[in-house]
Number of protein chains: 2
Amino acid sequence: MERKNAEIVIIEDEEDILELLEYHLGKEGYDVTGFLSADNVERFMEEESPALLIVDRNLPGVEGSEFVASMREIGYDTPVIFLTAKDKESELEEGFKRGGDDYITKPFNTKELLLRVEALLRRSGVKQSDKLRYRDLILDNQSRELYIDKRKIDLTNLEYRLLYTFVKNAQQTLQRDFLRDEVWGDDSDHFHDKTINVAINRLKKKIDPFGEKGYFVPIWGVGYKLG
Amino acid sequence: MERKNAEIVIIEDEEDILELLEYHLGKEGYDVTGFLSADNVERFMEEESPALLIVDRNLPGVEGSEFVASMREIGYDTPVIFLTAKDKESELEEGFKRGGDDYITKPFNTKELLLRVEALLRRSGVKQSDKLRYRDLILDNQSRELYIDKRKIDLTNLEYRLLYTFVKNAQQTLQRDFLRDEVWGDDSDHFHDKTINVAINRLKKKIDPFGEKGYFVPIWGVGYKLG
DNA sequence: GCAAATTGGTTACAAAATTGTTACGAATAC
DNA sequence: GTATTCGTAACAATTTTGTAACCAATTTGC
């Protein structure tokens, strides 16, 4: 069961460790955002609702477990894995008591960290996000949104279904008949010649206003293909 | 938040360790049942539905993680903490992959074990009885009340369920069919077109009388999404 | 090569589909 | 019996999408 693409926030003041974590988690397909202190994390959480927090205990300013406690206080139930160099029993207890779910001591084994992240996401019931990618297009099928370079592009229902069909069948030439059945539904009796053209045209304008990317390549007499 | 009296099953073939665990967990108020092998555990689980399993990896007969995997296979989602003398990375991975939630190596620190048991019970337990947040909305699921900026907003039963469904599935586009099933119940034969619209409309007016916050974004031809 | 034929591209407009709003009354709860 | 809740209906407002007309590009037959 894959749960990749989940959004993970890391709060860690040691930059090399932060980078290491970002690298490994990113490679696994998680969407990682790193912070060097807890300062702006609350605002970020309001906006993004990440699925998991990895928090260093020993942060500058507010201490890690204090931050988590205050998050719990105001109602956030986001799963937390504490990270710490210290190994003292009292600190461990404090971390759990303040709402931590797991505890990993530095230096940590990367494999174990990844396994614990996965296990915790599984247990806390994070919904698997299914995103489809094609070049710089990211189709988030849960929110039914299209992102290009992290920018959200509004699509109508028809446009979304159309683009989805193409991305789902990337590398293939989609015949007009296929598109009609798949996107418009095969019950349509009178199907105008240019309906597909116009729809693709409008889609093109939205995702590539300057016509420089050539997403849709017409295959003459057949249909279209992603390019 | 006390979660004592929870029923815990321990499967451990070394009798002295089993006794030690039974003693400490019992002292904390848990209802503990020990097994020396996985043999009769499945039947016990059918009868008692324990809240947590503590499973030794190195059991006589069926290996611990195999047992857990087979439990998962037939639908049990009971949280599992593995216990093992071994510390090899491959075993760790196998344990997590087969559905374990946590991993403690022998000899273990009793305090840490108790903390991890508590944390896991907390996480897997009363998942929905807490507070749900979305932006400035706080849904207290115990009292079934909505707070906005610490001010209580009275909602009807339907309105609460509707809002709950949205907050529970924030970031997702909820299709009309889904909302009908989830909020109104799937037994409704004649479901009027506009029922959802009107309900959302009323909810909107209550939580955002001036229509300045845009909580509900219509997704044309699909449904609604929190915005 | 060149013109005719065929297919795709573009634009504006109108129809169609969907959502928003309000009022009314039946059902339910108090 | 009164008040609240909620579904229904009618109508308004909005958004989307198909159609048609025309232009551009490509292929085909000669």
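In the text below, chain A, chain B and the rest are named by the order of the sequence lines, each starting its count at 1.
- Rounded to whole Å, the distance from CG on Leu203(A) to P on dT10(C) is 13 Å.
- If you take NE2 of His192(A) and C1' of dC22(D), they are 13 Å apart, rounded to a whole angstrom.
- The nearest whole Å value for the distance from the CD atom in Gln175(B) to the P atom in dT19(C) is 11 Å.
- Of the candidate nucleotides dG8(C), dA10(D), dT10(C), dT10(C) has the atom nearest to the side chain of Asn201(A).
- Side chain of Asp140(A) to main chain of Glu145(A): no donor-acceptor pair is present (N/O by atom type, distance under 3.5 Å, no hydrogens or angles).
- Side-chain contact between Ile200(A) and Tyr224(A) is present, with at least one heavy-atom pair separated by less than 4.5 Å.
- Proximity note for Asn197(A) (side chain, C-beta onward) versus dT8(D), dC6(D), dT10(C): the nearest is dT10(C).
- Put simply, CD1 on Ile200(A) is 11 Å from P on dT10(C), counting in whole angstrom units.
- Looking only at side-chain heavy atoms (C-beta outward), Tyr76(B) and Glu46(B) come within less than 4.5 Å of each other.
- Among dT17(D), dT19(C), dG7(D), the nucleotide with an atom closest to any side-chain atom of Arg202(A) is dT17(D).
- Two residues, Gly221(B) and Val198(B), neighbour DNA chain C, and the one matched to the more 5' nucleotide by heavy-atom proximity is Gly221(B).
- If you measure from atom NZ of Lys206(B) to atom C1' of dT21(C), you get 17 Å, rounded to the nearest angstrom.
- In this model, no donor atom of one side chain and acceptor atom of the other lie less than 3.5 Å apart for Thr84(A) and Arg57(A).
- Under the 30°/60° scheme for interplanar angles, the aromatic rings of Phe82(B) and Tyr103(B) are found to be tilted.
- Here dG20(C) is the nucleotide among dG20(C), dG18(D), dG7(D) with the atom lying nearest to any side-chain atom of Pro218(B).
- Picking from dG18(D), dG9(C), dT27(D) the nucleotide with the shortest atom distance to the side chain of Tyr224(A) gives dG9(C).
- Counting only heavy atoms from C-beta on, Leu158(A) has its side chain closest to dT17(D) among dT19(D), dT17(D), dG20(C).
- Rounded to whole Å, the distance from CG on Leu155(A) to C1' on dT15(D) is 14 Å.
- Remark: P of dC6(D) and CG of Leu162(B) are 10 Å apart, rounded to the nearest angstrom.
- Closest to the side chain of Trp184(A), from the set dG18(D), dT16(D), dG7(D), is dG18(D).
- When distances run from any side-chain atom of Lys194(B) to the nucleotides dG7(D), dA10(D), dT19(D), the shortest one goes to dA10(D).
- One finds no side-chain N or O of Thr156(B) lying less than 4.0 angstrom from the OP1 or OP2 phosphate oxygen of dT4(D).
- Nearer to the 5' terminus of DNA chain D, by closest-nucleotide assignment, is the contact made by Thr195(B) (compared with the other of Trp220(B) and Thr195(B)).
- Projected onto DNA chain D by closest heavy-atom contact, Asp193(B) and Glu159(A) fall at different nucleotides, the more 5' of which corresponds to Asp193(B).
- Spacing between atom CD1 of Ile219(A) and atom C1' of dA25(D) amounts to 15 Å, rounded to whole angstrom units.
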